[in-house]
Amino acid sequence: MHNFLAKKRITAFLFILVLVTLSVLNIIQSFGPIKQTLASGDYDISETKGLIHQLDADINDHVFEKFGFVEAYGYLQSLMWKNEENNFEVVRDMEGKLHYTYFATGPTYTKDLSDRVAALEAHLDPQTKLTYVMTPDKYVRGYTTFPEGIPYNYNNETADGFLANLEQDGIDTLDLREGLLESGIPPEDLFFTTDHHWKIRTAFWAFGQLVNHMDGMYTKSLDPDHYFTDIHNYNVIPYEDIFIGSQGRKAGKYFAGADDFDLIYPKFKTNYSFYFKTGETEAALNGRFEDALLTTYPLNVQGATYDLTADKYFTYLYGNQGIVHVVNKDNPNGLKVMFIKDSLAVPMISFLSTVVSEIYVIDPRYYTEDIMDFASKTELDHVLVSISPQDLVEEFFPYGANN
């Protein structure tokens with residue numbers, strides 16, 4: 001009996017010791033960010049909720065050995081043949097690809113959002129064309145299947161309804177979900193396994209589809225010889241097992257592995273100027289496509305597998321910026337285009353720059369000015385709006401609201 005109680009005391013002591021040690025380590029890890037948040041916080045009573053939310057985020061983001069715990073948890077989930085993480089925040093399909101999903105009973109109502117696109121078109125100069133480009137959802141109809149019990153979010157059905165509303169309003173649309181399985185890219189290679197984005201080859205295919213669509217709207221073809229849309233005129237540099245995407249960062253590399261990444265850029269001569277501004281951060285670059293429009297830092301960063309700075313998708317156009325202006329100096333008489341987009345469109349826009357004169361790129365999440373005002377005051381031939389099925393929410397349509 002005495003030995004039994006001694007073992008209990010030792011076990012309790014070790015358990016408390018581990019808890020205290022982890023607590024101290026977490027306090028040390030989070031102290032700097034918490035101090036910074038408190039120093040810069042707004043202590044107005046109305047901002048209390050936001051301050052608490054930021055402090056909570058600081059602590060969660062700086063948990064001691066956070067990704068070690070994430071990997072261990074993901075490994076255990078795999079050992080148990082489970083296909084979901086974090087209460088279905090990330091799920092795994094029958095092909096092993098990760099998805100964001102949630103429980104839903106049907107498509108989301110989007111008429112308000114399509115009305116905003118219609119309001120944007122009505123606000124443009126009559127000579128300026130507008131096209132909505134619907135990028136594909138990672139749940140590819142006719143290919144993706146979920147195991148029994150995994151929820152489905154109806155993203156594709158929501159996109160169907162949204163496009164139907166636009167077409168009723170007479171707005172030109174391009175649905176890149178159509179023809180995706182006939183693109184020549186194996187269906188398992190259309191999207192990254194650990195990230196919600198399409199692969200760069202898929203984005204290049206979409207660029208060709210977009211050029212073909214726009215060619216039907218102008219007397220002068222954007223790529224009459226199909227030179228710029230031919231991938232054989234581009235360098236394709238493969239990087240194997242190098243990418244852990246946003247979904248992989250939540251589940252760990254032992255749950256779904258790592259992705260290969262293809263860096264694609266022109267073999268032909270190019271000459272660009274590139275400018276971006278997000279908040280108070282701005283930069284300007286000049287040079288070839290790979291010098292001005294690409295940053296290789298995410299491909300070269302070492303020892304930060306799960307860090308946002310290692311996100312390979314941000315190689316193109318420096319990721320998501322409030323506003324970007326790209327000038328193709330080799331095509332001064334081409335179209336002037338504006339893209340209102342989410343992150344999926346970024347590499348596609350990079351490739352489109354080879355066949356137009358200028359591109360303005362606006363991310364509604366980070367651009368704080370009036371988008372409709374900017375569009376009406378800027379000389380533009382074509383405005384393209386491209387928000388993916390999973391992002392058909394108000395945050396991505398901050399213009400044209402019917403108040």
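Numbering of residues begins at 1 and proceeds along the displayed sequence. These numbers come from the heavy atoms of this one structure, side chains and all, not from hydrogens, waters or symmetry mates.
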What residues, two or more places apart in sequence or in another chain, satisfy ring pair (Phe, Tyr, Trp, His ring centres under 6.0 Å) together with [X]?
{"X": "H382", "answer": "Y218"}
{"X": "F162", "answer": "Y132, F397"}
{"X": "F146", "answer": "H99, Y139"}
{"X": "Y367", "answer": "none"}

*Could you tell me which residues satisfy salt bridge (Lys or Arg N to Asp or Glu O under 4.0 Å) with K49, sequence neighbours excluded, listed by chain and number?*
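By the salt bridge (Lys or Arg N to Asp or Glu O under 4.0 Å) rule, K49 matches no residue at all.
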*Determine which pairs satisfy side chain to side chain donor-acceptor pair (under 3.5 Å) with at least one residue from residues 283-293, sequence neighbours left out, and list them in order.*
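Pairs touching residues 283-293 that pass the test: N286-K329, R288-E290.
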*asked:* Quick test of your reading: applying side chain to side chain donor-acceptor pair (under 3.5 Å), list the pairs with at least one residue in residues 176-188, sequence neighbours left out, ordered by first then second residue.
replied: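 Passing the test, one end in residues 176-188: N156-R177, D160-R177, D175-R177.
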*Please collect all salt bridge (Lys or Arg N to Asp or Glu O under 4.0 Å) contacts where either partner lies in residues 85-94, sequence neighbours excluded, each pair once.*
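Qualifying pairs, neighbours excluded: E89-K250.
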*What residue pairs, at least two apart or across chains, pass salt bridge (Lys or Arg N to Asp or Glu O under 4.0 Å) with a residue in residues 349-367?*
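For residues 349-367: K336-E358, K341-D363, D363-R365.
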_Give me each pair satisfying ring-ring contact (aromatic ring centres under 6.0 Å, His included) with a member in residues 15-41, each pair once, sequence neighbours excluded._
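Listed once each, the pairs would be none.
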*Under a 4.0 Å N-O cut-off, is there an ion pair linking K199 with D262?*
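No.
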*Would you please name every residue forming a side chain to side chain donor-acceptor pair (under 3.5 Å) with N212, sequence neighbours left out?*
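Side chain to side chain donor-acceptor pair (under 3.5 Å) check on N212 returns nothing, list empty.
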*Not counting sequence neighbours, which residues clear side-chain contact (heavy atoms from CB on, under 4.5 Å) with A72? List them please.*
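Partners of A72 by the side-chain contact (heavy atoms from CB on, under 4.5 Å) criterion come out as none, since no residue qualifies.
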